[in-house]
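Some notes on the structure that comes next.
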2 protein chains.
Amino acid sequence: MQTRSEETRANILQAALTLFARLGYEAASVEDICAEAGVSKGAFYHHFPTKQAVFLQLLHDWLDGLDAQFAQARQGAENAAQIFMRMTAAVPGIFRDADQRLPMFLEFWAQASRDEAVWQTTIAPYRRYRDYFASLIEQGVAEGVFRPVEPQAAARLIVALAVGMLLQGLLDPQEDDWQAITTESLKIMMNGLAAQKE
Amino acid sequence: MQTRSEETRANILQAALTLFARLGYEAASVEDICAEAGVSKGAFYHHFPTKQAVFLQLLHDWLDGLDAQFAQARQGAENAAQIFMRMTAAVPGIFRDADQRLPMFLEFWAQASRDEAVWQTTIAPYRRYRDYFASLIEQGVAEGVFRPVEPQAAARLIVALAVGMLLQGLLDPQEDDWQAITTESLKIMMNGLAAQKE
DNA sequence: TGTAAGATACCGACCGGTCGGTATGAATTG
DNA sequence: CAATTCATACCGACCGGTCGGTATCTTACA
């Protein structure tokens with residue numbers, strides 16, 4: 001069977017995800033990961049050349065998942081304002097499996113700020129989303145559904161909202177219903193963008 | 001003189017700040033820090049009981065600095081909306097020495113999510129600021145300068161904006177003028193909060 | 001004021017232990 | 001049986017922290 005190998009690989013990735021999130025990249029040792037995965041060190045280094053390769057694979061998978069969710073939000077709806085409100089629908093999906101992926105998200109960010117390879121992997125999709133938001137806003141301004149705001153700033157504001165909510169949810173998980181708060185916050189922000197009613 | 005001791009201590013803190021930011025908490029070894037500070041390992045452990053104690057001290061100092069800047073923003077101005085706009089004035093101060101403190105900010109957050117001592121130190125001021133914002137907004141709503149928004153959500157929105165901007169500035173430092181963008185974003189968000197003009 | 005006594009600040013070699021990664025051979029698979 | 005997949009034993013580097021000892025400064029007393 002070919003599945004044994006793939007299963008081992010998947011176990012390693014899952015274990016790494018868990019331990020990177022729980023302990024951080026440095027503190028989670030290869031041995032820890034192997035133990036968690038129920039796999040030997042030999043198996044680990046058979047499937048991945050380095051510890052960092054595992055990390056990069058997890059980052060890659062995560063970004064792919066994000067892409068899929070955004071693509072879903074994009075479907076239907078021509079209006080720029082509508083697309084944003086649809087993204088609210090993506091919020092539950094992002095927060096759902098939060099326990100594991102939220103700490104990893106922070107770990108990704110921390111590594112990106114000092115590791116060239118991680119940075120390269122992170123920065124491209126970040127800019128893509130950001131610029132996509134900016135063009136959406138530009139379009140919305142042209143359509144008259146948005147006030148004449150600076151698209152650059154507004155796009156970064158949206159990203160800041162997303163990132164900031166994720167981080168607060170990570171720091172203080174049980175305190176709030178972060179889905180509801182994010183949705184409400186999006187509404188407030190959209191008020192700031194939306195053209196005045198006459 | 002007593003100053004020699006204090007100078008050594010200050011050197012260690014400065015070196016630790018630099019290296020924690022550049023390499024991360026785990027990767028920055030005590031020896032590295034000592035080398036950077038021009039100090040022996042003995043001196044290090046004379047002034048601090050553990051590596052983590054240095055980290056906590058840096059965190060403490062940073063939070064104190066933030067407190068001071070917020071207190072300054074609070075001065076004058078009774079109106080809730082005015083206080084927020086004054087906080088724009090604090091933005092340059094936060095971004096100014098960014099090279100060193102921004103990566104550390106992320107390091108603080110990452111550690112806080114898994115280290116109990118760091119979490120305790122972080123969560124209290126976080127909640128303080130957040131709740132202060134919420135009460136400001138509540139007041140603003142009562143005064144009629146803000147729309148009837150949910151104060152809880154709005155406060156978290158503001159924190160998210162701050163945190164999200166800091167993180168973007170960290171990830172993509174040279175790309176943008178983050179001061180200007182943060183200011184402009186604040187303006188957009190205040191539009192979302194401000195009561196409709198009649 | 002000169003000096004002895006003691007406290008404080010600092011040095012750097014060293015320790016037990018852990019790390020990421022490798023070498024090599026056994027088991028499983030097709 | 002050939003190749004892939006995994007297990008075990010191991011390596012050298014490095015880590016946080018300790019410790020015995022030295023230098024420097026403060027204090028007290030003659």
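Within every chain, numbering begins at 1; the chains are lettered A, B, ... in the order of the sequence lines, protein sequences first and strands thereafter.
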| query | Under 4.0 Å between a side-chain N/O of B/Thr8 and OP1 or OP2 of C/dC10, yes or no? | reply | yes

| task | Measure up the B/Phe55 and B/Phe108 rings against each other and bin them: parallel (under 30°), tilted (30 to 60°), perpendicular (over 60°). | result | perpendicular

| task | For A/Ala27, answer base if it contacts any base atom (sugar-phosphate contacts may also be present), sugar-phosphate if it contacts only those atoms, and nothing otherwise; contact means non-hydrogen atoms under 4.0 Å. | result | nothing

| remark: Sorted by position of nearest nucleotide on DNA chain C, 5' first, the leading residue of A/Gly42 and A/Val30 is A/Val30

| remark: Atom CD of B/Glu7 and atom P of D/dT24 are separated, to the nearest Å, by 15 Å

| query | For B/Asp67 and B/Tyr129, does a side-chain donor sit closer than 3.5 Å to a side-chain acceptor? | reply | yes

| task | Sort out for me which residue in B/Leu166, B/Ile188, B/Leu186 forms a side-chain contact (heavy atoms from CB on, under 4.5 Å) with B/Leu161. | result | B/Leu186

| Interatomic distance, B/Glu6 CD vs C/dT8 C1' [rounded to whole Å] | 13 Å

| query | For A/Asn11 and A/Thr8, does a side-chain donor sit closer than 3.5 Å to a side-chain acceptor? | reply | no

| Sorted by number, the residues of residues 109-118 of chain B with heavy-atom contact under 4.0 Å to DNA chain D | none

| query | Taking NZ, NE, NH1 and NH2 as the nitrogens, is one of them in B/Glu150 or A/Lys187 under 4.0 Å from a carboxylate oxygen of the other? | reply | no

| query | What integer distance in Å separates B/Phe44:CZ from C/dT8:P? | reply | 21 Å

| task | May I have the distance from A/Glu31 (atom CD) to D/dA9 (atom P), rounded to whole angstrom? | result | 12 Å

| remark: Of all heavy-atom pairs linking B/Lys41 and B/Cys34, the shortest is CA-SG, 3.7 Å

| field | Heavy-atom neighbours of B/Gln52 CD exceed 12 at 6.0 Å | value | yes

| request: Provide, to the nearest angstrom, the distance between the CG atom belonging to B/Leu19 and the P atom belonging to D/dC15. | output: 12 Å

| request: Is it possible for you to check whether B/Lys51 lies under 6.0 Å from the centre of the six-membered ring of B/Phe20, through NZ or CZ, and within 45° of that ring's axis? | output: no

| query | Expressed in angstrom and rounded to an integer, what is the separation of B/Ile12 atom CD1 from D/dG16 atom P? | reply | 14 Å

| DNA chain C contacts made by residues 45-58 of chain A, counting heavy atoms under 4.0 Å | A/Tyr45, A/Thr50, A/Lys51

| Have B/Gln57 and B/Asp61 got a donor and an acceptor in their side chains that come within less than 3.5 Å? | yes

| request: Could you tell me the separation between the CG atom of A/Leu23 and the C1' atom of C/dC19, rounded to a whole number of Å? | output: 14 Å

| message | Heavy atoms from C-beta onward define the side chain here; which of D/dC6, C/dG12, D/dT8 lies closest to that of B/Ser40? | response | C/dG12

| task | Measure the distance from NZ on A/Lys41 to P on C/dT22 and round it to the nearest whole Å. | result | 10 Å

